[in-house]
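See structure below.
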Amino acid sequence: MNDKIKVLVSEEDVNNKIREIGAQITKDYAGKQVHMICVLKGGAFFMCELAKRIDLDVSLDFMAVSSYGSGTESSGVVKIVKDLDESITGKDVLIVEDIIDSGRTLAALKEMLLQRNPASLKICTLLDKPDRRVTHVDVDYVCFDIPDEFVVGYGLDYDQKYRNLPYIGVVVNEEQQ
């Protein structure tokens, strides 16, 4: 398959926005340590770049969750594939996501993590597709609202390809050109 990638958000714009969000998180969490939880795999690129731009003590942990079952539409029933390595009790937790669309998985994950008694729990996402939202979820930090298009780059993949692109792009198949 020959794919062409159309740039939706440039590398420069991504870097500038992550710097801006990092500064806001630094201000909001002043005097605290931020415990960042990355939702794998797509969130890893974003979380690493964001952590470098937060001028506070940060700790990192990772989760892998699944909510798709046998279909391609999120069921909202979260199955933990890889759980956290340490307790979040009493910590100021920031869930870091690559993209939020339906909101089902993230809403379920948030409820699950709240039961583990963090001091606080906020959500940060690189991309938000508000037009796809079917479950309400409060998102505290959003880098970019994007249209309902299939995007790749900066951790997001298409059949495990294109995660390493330094920008956000839309896959354009030859048939669509």
Side chains of Ile54 and Met36, heavy atoms from C-beta outward: is any pair under 4.5 Å? yes
Can you list the steps and then say if Arg163 with Asp98 is a salt bridge (charged side-chain N to carboxylate O under 4.0 Å, His left out)? CA-CA 11 Å; Arg163 284 189 196 278; Asp98 54 354; 5.5 Å; no
Residues at least two apart in sequence or cross-chain that pass side chain to side chain donor-acceptor pair (under 3.5 Å) with Asp92, listed by chain then number, are Ser120
Single-linkage hydrophobic cluster, 4.5 Å side-chain cutoff, Leu106 and Val96 together: no
One should read off an interatomic distance between Ile168 CD1 and Ser10 OG, to the nearest 0.5 angstrom, of 10.0 Å
Tell me, do Asp61 and Ile88 make a side-chain contact under 4.5 Å, heavy atoms counted?
no
Fill in: Validation row: Leu94, Ile123 side chains within 4.5 angstrom (heavy atoms)
no
Exercise for the section: Report yes or no: do Leu126 and Val171 belong to one cluster of Ile/Leu/Val/Met/Phe/Trp/Tyr joined by side chain heavy-atom distances under 4.5 Å? Expected result: no
Here the gap from Asn15 atom CG to Cys143 atom SG, rounded to the nearest 0.5 Å, amounts to 10.5 Å
Transitive ILVMFWY side-chain link Met47 to Leu121, under 4.5 Å: no
- Task: State, with a plain yes or no, whether a side-chain heavy atom of Val39 is found less than 4.5 Å away from one of Thr105.
- Result: no
Applying side chain to side chain donor-acceptor pair (under 3.5 Å) to Lys91 and not counting sequence neighbours gives Glu86
So CD1 of Ile25 and SG of Cys124: to nearest 0.5 Å the spacing works out to 4.5 Å
Correct closest heavy-atom pair for Ala44 and Cys38 would be N-SG, 3.3 Å
Residue pairs meeting salt bridge (Lys or Arg N to Asp or Glu O under 4.0 Å), one or both in residues 44-59, sequence neighbours left out, come to Glu49-Lys52, Glu49-Arg53
One should read off an interatomic distance between Leu156 CG and Ile99 CD1, to the nearest 0.5 angstrom, of 5.5 Å
Between the CG atom in Leu56 and the OG1 atom in Thr26, the distance rounded to the nearest 0.5 Å is 4.5 Å
Residues pairing under ring pair (Phe, Tyr, Trp, His ring centres under 6.0 Å) where one sits in residues 6-59, two or more places apart or in two chains, turn out to be none
- Message: I'd like to know if the side chain of Lys6 reaches the main chain of Val172, judged simply by a donor and an acceptor atom lying under 3.5 Å from each other, with no hydrogens or angles considered.
- Response: no
Between Ile100 and Leu127, does a side-chain contact (heavy atoms from CB on, under 4.5 Å) hold up when you go through it step by step? CA-CA 6 Å; Ile100 301 171; Leu127 304 173; over 6 Å; no
The complete set of ring pair (Phe, Tyr, Trp, His ring centres under 6.0 Å) pairs with one or both residues in residues 102-155, sequence neighbours excluded, reads Phe150-Tyr158
Could you tell me if the side chain of Met112 sits less than 4.5 Å from the side chain of Val65, heavy atoms only? no
Verify same cluster id: Leu60, Leu50 (apolar side-chain graph, 4.5 Å) = yes
Should Val152 and Ile146 be regarded as members of a common hydrophobic cluster, given that ILVMFWY residues are connected when their side-chain heavy atoms come within less than 4.5 Å of each other, either directly or indirectly? no
Evaluate the side-chain proximity of Leu113 to Met63: yes if any heavy-atom separation is below 4.5 Å, no if none is. yes
Between the NZ atom in Lys41 and the CD atom in Gln160, the distance rounded to the nearest 0.5 Å is 4.5 Å
Residues 24-33 vs salt bridge (Lys or Arg N to Asp or Glu O under 4.0 Å), sequence neighbours excluded, gives none
Requested in this report: For Ser102 and Thr135, indicate whether the former's side chain and the latter's backbone hold a donor-acceptor pair under 3.5 Å.
Outcome: no
